[in-house]
Amino acid sequence: MSLLELDGVKVHFPVRKGLLFNRTVGHVYAVDGISLKVEAGQTYGLVGESGCGKTTLGRAVLRLVDVTDGSVVLDGTDVAKLPEKELRTFRRRLQMVFQDPLGSLNPRQNIESILSEGMAAHGIGADQDERRERIRDILAKVGLPSNALSRYPHEFSGGQRQRIGIARALVLEPDLIICDEPVSALDVSIQAQVINLLEELQESMGLTYLVIAHDLAVVRHISDVIGVMYLGSLVEEAPSDALYEEPLHPYTRALMSAVPVPDPEVEDRRERILLHGDLPSPANPPSGCRFHTRCPWAQPKCAEERPELTDAGGGHKVACHFTGEIKAGTLRRAGEPEPSAAPEPSAPAKTVPPQAPAPEAETPEAEASEGSSGEGKPGAKAPGAKASGEK
Amino acid sequence: MSLLTVDELTVTFGGRGRKDVRAVNGVSFSVDQGQIVGLVGESGCGKSVTSLALMGLLPSKGVTLGGRAELDGTDLLSLRPSKMRDLRGREMAMIFQDPLSSLNPVIPIGVQVTEILQRHRGMKGEAARKEAAHLLDRVGIPDPDRRLKEFPHQLSGGMRQRALIAMAVACAPRLLIADEPTTALDVTIQAQILDLLKELVDQEGTALLMITHDLGVVAGLCDQVNVLYAGKVVESAGRRELFAHPTHPYTHGLLGSIPRLDAPRGEPLHPIRGSINDQIAWADGCAFAPRCDRYEMECLTGTPELTEPRAAGHRARCANPVLATTEVPA
Ligand SMILES: Nc1ncnc2c1ncn2[C@@H]1O[C@H](COP(=O)(O)OP(=O)(O)OP(=O)(O)O)[C@@H](O)[C@H]1O
Ligand SMILES: Nc1ncnc2c1ncn2[C@@H]1O[C@H](COP(=O)(O)OP(=O)(O)O)[C@@H](O)[C@H]1O
Ligand code: SF4
Ligand code: SF4
Ligand SMILES: [Mg+2]
Ligand SMILES: [Mg+2]
């Protein structure tokens, strides 16, 4: 049995109008039928763009929002149906780490008070001395000095505040930690510290994470399994490596081709699948496949029938009517050039297809004297338009 | 000669009993016509203040500017406010991170665009409206005639950023400064906006100063890259050279910190220790020293100079630069 099992979870927010906001005129389909499993000791990464329902799903697991339909089962207990009183004690087993470390910490409480509050509420530790001991232990684990106890949140840097947020979750010895955008408010050099910390803690304490983030590179780095969300539902789910090696859903492929890689060689050669238009509103989701308004492969059927998430082999699940055809290359996307003489790779969605020839290796001297220019982008710029960048 | 030349720019905030803050501490770089130059660094390193100084958008009270900044020979730092206003919008324009706060919320998009056309290009009435619609179309906004009548909040984030770009390019400026133009956007929308900026540079020969914290964006876009740390350029090179041979320990560390989509899973990240708060004054030595793995006594004997320790045109401000290729993070 998995530690956490979601089955058909829906969270629909009523849209109210009228003088007293008493008339329901529609719904925001924030989460619209999600089933997934998180295994103990593993990391499940949930990725998707702004507004696709990631945070709402996390809040539904914690039952900070009511679940409209479906079940959320943690270790055999359905959180969605737990009576209010039992829920309060049960909450200890589910903890959340938030995106904005400062906003989620009370500025007037010192660190000891912030960390011991939950412990006292859940009866952890016989007295404050015992709790302080435990807090010291956890602070050391998350890399904060023990003199942090008497200090206040504003005295810490962003990265340190996130460590405090992680410590606050850890002192309660939860079964599952939900991290909602745990590093997106941090500078890159600090992001890496926090990512490494989460990984080390998982290793040493056997933690289970549900990580919610918009950054696919971060999610791929820390997750065992990745679920890709679009407008309230999962469009693809696969082990992290399989998803990267062969993304099957058109949305995942577009997302992957849009993530910048800090390497010019990769950037110049990658195939981009540019999506047109914006995310539709979850209050008025498109019919059929929710992605059909932006999907470069969309067919008439896509607007009519909603594809189910189905196993395409090896636990790689996809919700698309044309997975097979797209994979085989028999269905071409709008605007895609005819196949050239070069054989089409069977997995055309590789982030770095061998499409454009690799630009000739440049010596640093040549690079410097040229200043730059549209290397690798044949005919990208009129040569005359650019003068030397060097004085 | 370069279109924009910035030489030892300093910006100091202070006055009224507050301790002086030197946000920009001797920044030099140049941008040529048709070139995309990146200014990259973490929060607080002085990117935005640099761009505001160039645009003449810093308050005159409590701000002291030093050094030189010239746009095609015109001194930007000593320009009279009225002259600056004239230059802004016509010769140089700026795109900000948050398009909502740079648009007037109570005025329709169309009026905001035509105002610019009127002020700088003397266009009026139907001609201005037509040109405004053409501009929205140019930046990829579908149904421009309808959009012109709408208010900023009726547009999505990506649309708003397009509208802002339309306003910025309305007078075909020679220099475009973009301060984190895609940071607030989703990656698929970011890809669209970066594509648009690239196209504008390619087709119009505009010079683009791209300010970002994202080395991935820089890798795909910029011709020349300047890495900032604590108000100074610490490394500067052509984009291929910079990413292939990061020479300053800070740049090197940044590249080792970023999880790469294409890296094999399980490959560890190599963070830089400490945080931006752990810095010493440049006057006392290298500001990065408290976080640096390659620190030596020498690093504290005055400010390290920008030199070319590896290759001509590849500058680094470091007493003990990373030179062996084997040290480059995979
Ligand atoms: N309490 C609420 N009432 C009404 N609508 C809501 C409520 N909470 C969230 N929504 C809507 O539900 C959708 C999903 O929101 P959610 O915050 O889960 O997205 P997200 O994927 O976490 O996005 P982000 O990446 O921006 O954090 C959005 O359209 C949001 O506006
Ligand atoms: N108006 C101001 N008064 C005082 N300090 C400022 C002001 N604006 C910016 N700073 C400081 O200048 C430094 C650089 O800021 P900024 O250029 O905004 O950084 P970024 O590189 O993130 O864009 C920061 O330390 C910031 O706190
Ligand atoms: S079902 Fe149709 S619209 Fe949806 S992802 Fe597949 S091809 Fe695209
Ligand atoms: S000067 Fe010294 S401390 Fe500064 S970056 Fe170079 S090696 Fe590190
Ligand atoms: Mg969210
Ligand atoms: Mg800034």
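Values reported hereafter were calculated over all heavy atoms of this structure, with side chains retained and with hydrogens, waters and symmetry mates removed. In what follows, every chain begins at residue 1, and chains take the letters A, B, ... in the order their sequences are listed.
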* Structure fact -> Scanning both residues in full, the closest heavy-atom pair of B:T247 with B:E235 reads N-OE2, 2.9 Å
* To do: Please name the pair of heavy atoms, one in B:T307 and one in B:P309, separated by the smallest distance, quoted to 0.1 Å.
  => O-CD, 3.1 Å
Proximal component of [X], with respect to chain A [non-hydrogen, under 4.5 Å]:
X      : value
B:Q190 : side chain
B:V218 : neither
B:P142 : neither
B:A207 : neither
B:L215 : both

* Any luck finding a side-chain donor-acceptor pair between A:Q193 and B:R273 under 3.5 Å? -> no
* Answer yes if the side chains of A:S50 and B:D186 hold a donor-acceptor pair under 3.5 Å, and no otherwise. => no
* Asked: Only one of B:L176, B:V225, B:L39, B:L194 clears side chain to side chain contact (heavy atoms under 4.5 Å, CB included) with B:M210; which?
  -> B:L194
* Taking B:H314 as the fixed residue, which of B:H245, B:E241, B:E308 is the one that meets the side chain to side chain donor-acceptor pair (under 3.5 Å) rule? -> B:E241
Given a strict heavy-atom distance threshold of 4.5 Å, which part of [X] is in contact with chain B: side chain, backbone, both, or neither?
X      : result
A:D263 : both
A:H221 : both
A:L279 : neither

* **Atom pair OH (A:Y251) and CD (A:E236), whose distance is rounded to the nearest 0.5 Å** => 11.5 Å
* Among B:V187, B:L254, B:T188, who wins on heavy-atom pairs under 4.5 Å with chain A? -> B:T188
* Structure fact -> Heaviest contributor of heavy-atom pairs below 4.5 Å to chain A, chosen from B:A219, B:G158, B:S156, B:G157, is B:A219
* Can you list the steps and then say if A:E265 with B:R240 is a salt bridge (charged side-chain N to carboxylate O under 4.0 Å, His left out)? -> CA-CA 8 Å; A:E265 306 281 337; B:R240 284 175 176 277; 2.8 Å; yes
* To do: Among A:D215, A:L274, A:L216, single out the residue with the greatest number of heavy-atom pairs under 4.5 Å to chain B.
  => A:L274
